[in-house]
Amino acid sequence: MKITVQQIAEPAERQLVEHALKAMKNAYCPYSKFPVGAALLTKDGRIFTGVNVENASYGGTICAERSAIVSAVSNGYTDFKAIAIATELEDPATPCGLCRQVLVEFGNFDVILVSSTSNKVVKSSVRDFLPGAFTPKSLDDHIIQTQ
Ligand code: THU
């Protein structure tokens with residue numbers, strides 16, 4: 001399957017998408033057979049990738065987006081510019097609800113959804129995927145109100 005990312009003009013975004021598509025090949029998904037790759041771009045230009053890692057005890061599965069976040073945070077990075085998420089679906093898949101909540105923890109940044117089987121690209125933002133989110137600010141506001 002040829003993977004093309006012609007629709008993405010910006011070189012940094014293009015590179016990010018290429019990382020997500022490449023990472024997808026390492027997805028560990030023997031149960032769902034649904035590979036997902038994610039690539040997270042930090043504000044200072046580093047890229048951390050993640051894949052879905054499934055488990056025979058299905059609830060132990062971690063999604064690609066969250067494994068990318070875990071990798072970046074484990075290396076000391078919490079400021080992000082964008083995340084690219086790649087699946088095989090012709091219409092690019094959107095992040096699951098749990099991943100949306102984990103992404104929003106780190107503020108608002110670009111989300112680029114891509115397909116490895118079509119040239120479709122969807123550009124959006126974390127906040128667009130989770131309007132009205134419960135965020136760290138919600139907890140700060142509570143602390144202020146109860147002081
Ligand atoms: N998956 C992700 O990696 N990210 C998502 O946002 C949606 C779902 C994975 C989890 C599981 O390994 C497979 O896709 C099928 O649900």
Side-chain angles (χ1 to χ4, degrees), residues 1-140:
M1 185 65 59
K2 189 161 170 11
I3 291 164
T4 54
V5 285
Q6 293 149 346
Q7 280 181 270
I8 300 171
E10 220 251 294
E13 287 186 355
R14 223 180 146 92
Q15 195 197 12
L16 193 66
V17 162
E18 275 158 7
H19 273 80
L21 288 163
K22 194 173 168 208
M24 195 178 74
K25 294 176 187 154
N26 294 328
Y28 178 75
C29 53
Y31 309 108
S32 72
K33 312 261 194 291
F34 188 87
V36 186
L40 199 51
L41 178 66
T42 67
K43 282 194 178 153
D44 60 359
R46 285 175 172 76
I47 292 175
F48 293 92
T49 58
V51 297
N52 50 333
V53 182
E54 297 185 345
N55 193 275
S57 174
Y58 296 167
T61 294
I62 182 169
C63 292
E65 298 89 324
R66 280 179 289 136
S67 61
I69 290 273
V70 167
S71 173
V73 174
S74 301
N75 283 284
Y77 294 90
T78 53
D79 293 329
F80 306 120
K81 220 173 147 208
I83 186 168
I85 305 163
T87 60
E88 291 178 338
L89 289 182
E90 282 180 25
D91 284 320
T94 60
C96 79
L98 187 49
C99 287
R100 292 176 195 206
Q101 181 65 35
V102 171
L103 293 173
V104 90
E105 176 73 16
F106 298 96
N108 196 22
F109 47 94
D110 295 335
V111 176
I112 307 164
L113 307 175
V114 290
S115 162
S116 65
T117 58
S118 73
N119 278 333
K120 292 184 186 171
V121 177
V122 177
K123 285 175 72 174
S124 189
S125 73
V126 168
R127 277 303 172 87
D128 285 340
F129 280 115
L130 201 58
F134 185 85
T135 66
K137 188 178 176 299
S138 311
L139 290 177
D140 290 345

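These numbers were taken from a predicted model, which means no experiment stands behind them. Whatever order the structure lists them in is the order used to number ligands and atoms, beginning at 1.
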Atom indices of ligand 1, in the order listed, that fall short of 4.0 Å to a heavy atom of [X]:
X: P95; value: 6 (O)
X: S32; value: 13 (C), 15 (C)
X: E65; value: 2 (C), 3 (O), 4 (N), 5 (C), 6 (O)

Which residue and non-hydrogen atom of the protein lie closest to [atom], and at what distance in Å?
atom: atom 12 (O) of ligand 1; answer: E54 OE2, 2.5 Å
atom: atom 9 (C) of ligand 1; answer: N52 ND2, 3.5 Å
atom: atom 8 (C) of ligand 1; answer: C63 SG, 3.9 Å
atom: atom 14 (O) of ligand 1; answer: F34 CD2, 3.4 Å
atom: atom 7 (C) of ligand 1; answer: C96 CB, 4.0 Å

(request) Evaluate the ring planes of F80 and F106, with Trp represented by its six-membered ring, and classify them as parallel (under 30°), tilted (30 to 60°) or perpendicular (over 60°). (result)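 Aromatic pair F80/F106 classed perpendicular.
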(request) May I ask you to check whether T61 has an N/O atom sitting below 3.5 Å from an N/O atom of ligand 1? (result)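 Between T61 and ligand 1 (N or O atoms, distance only) the closest approach is not under 3.5 Å.
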(message) Quick check: I62 and ligand 1, any N/O pair under 3.5 Å apart?
(response)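 No; every N/O pair is 3.5 Å or more apart.
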(request) Check whether any heavy atom of C29 sits under 4.0 Å from an atom of ligand 1. (result)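 No, C29 has no heavy atoms under 4.0 Å from ligand 1.
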